[in-house]
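Scroll down for the structure; my scribbles are underneath it.
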Amino acid sequence: MKLSLDKIFDIFATKGHTQYGGEPITQLEHGLQSATLAKEYSASSELITACLFHDLGHLLHDLGENPTEQAIDDRHEYEGANCLEQIFSPAITEPIRLHVDAKRYLCAINPNYRASLSQNSESSLILQGGAFSSETAAIFIAQPYAKDAVKLRIWDDRAKIVGLTTPDLNSFVAIAKSCQQNNS
Ligand SMILES: [Fe+2]
Ligand SMILES: [Fe+2]
């Protein structure tokens, strides 16, 4: 699927009101909260943009708002990353591609992390293959961009606060455009 950056923003503006999985916020609120956390932690423009768009894949399919409820893994990390790689560098697409595996990694290295997951995130974890073994966790974190994926994941997990005020979608346009490649 080849989409322009304007079209990606348009998808969030028009479809972002849908519910974020089984969570009590919308997809747009979730992306904005993730990107705002990245900004607050002085992340690079690439990682802020990755946070904003990390769940784009959920907005590209017709499986409904919460495929996990139907025991379906929508593989949104791949759908989103594949779509965005026509516009952005691996500094953006790879943390997105790896953000589900980052959850499996964090579950492997920190039992408290797994206990802190929301109900929907725990259910999707099972569909996504469960926690990594210690061997797979070591292989995962040695990959390029895996550490950025872990940062994204930690902000992702926190970005579920009902009613939180954040900067709006337009305020992230300049940051995303500064990361654009190939003038797509
Ligand atoms: Fe996700
Ligand atoms: Fe997310």
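Numbering of ligands and ligand atoms starts at 1, following listing order.
Residues passing the ring-ring contact (aromatic ring centres under 6.0 Å, His included) test with Tyr105, sequence neighbours excluded: Phe140. For Gln119, there are no side chain to side chain donor-acceptor pair (under 3.5 Å) partners at least two apart in sequence or on another chain.
At least one N, O or S atom of Tyr20 sits under 2.8 Å from the Fe ion (ligand 2). Among the backbone and side-chain atoms of His30, an N/O/S atom is found under 2.8 Å from the Fe ion (ligand 2).
Annotation: cation-pi pair Lys177/Phe9 absent, no NZ/CZ under 6.0 Å from the ring centroid and within 45° of its normal.
No side-chain donor-acceptor contact under 3.5 Å links Ser89 and Glu46.
The NE2 atom of His76, the Fe ion (ligand 1) and the OD1 atom of Asp55 define an angle of 90° (nearest 10 degrees). The OD1 atom of Asp156, the Fe ion (ligand 2) and the NE2 atom of His54 define an angle of 90° (nearest 10 degrees).
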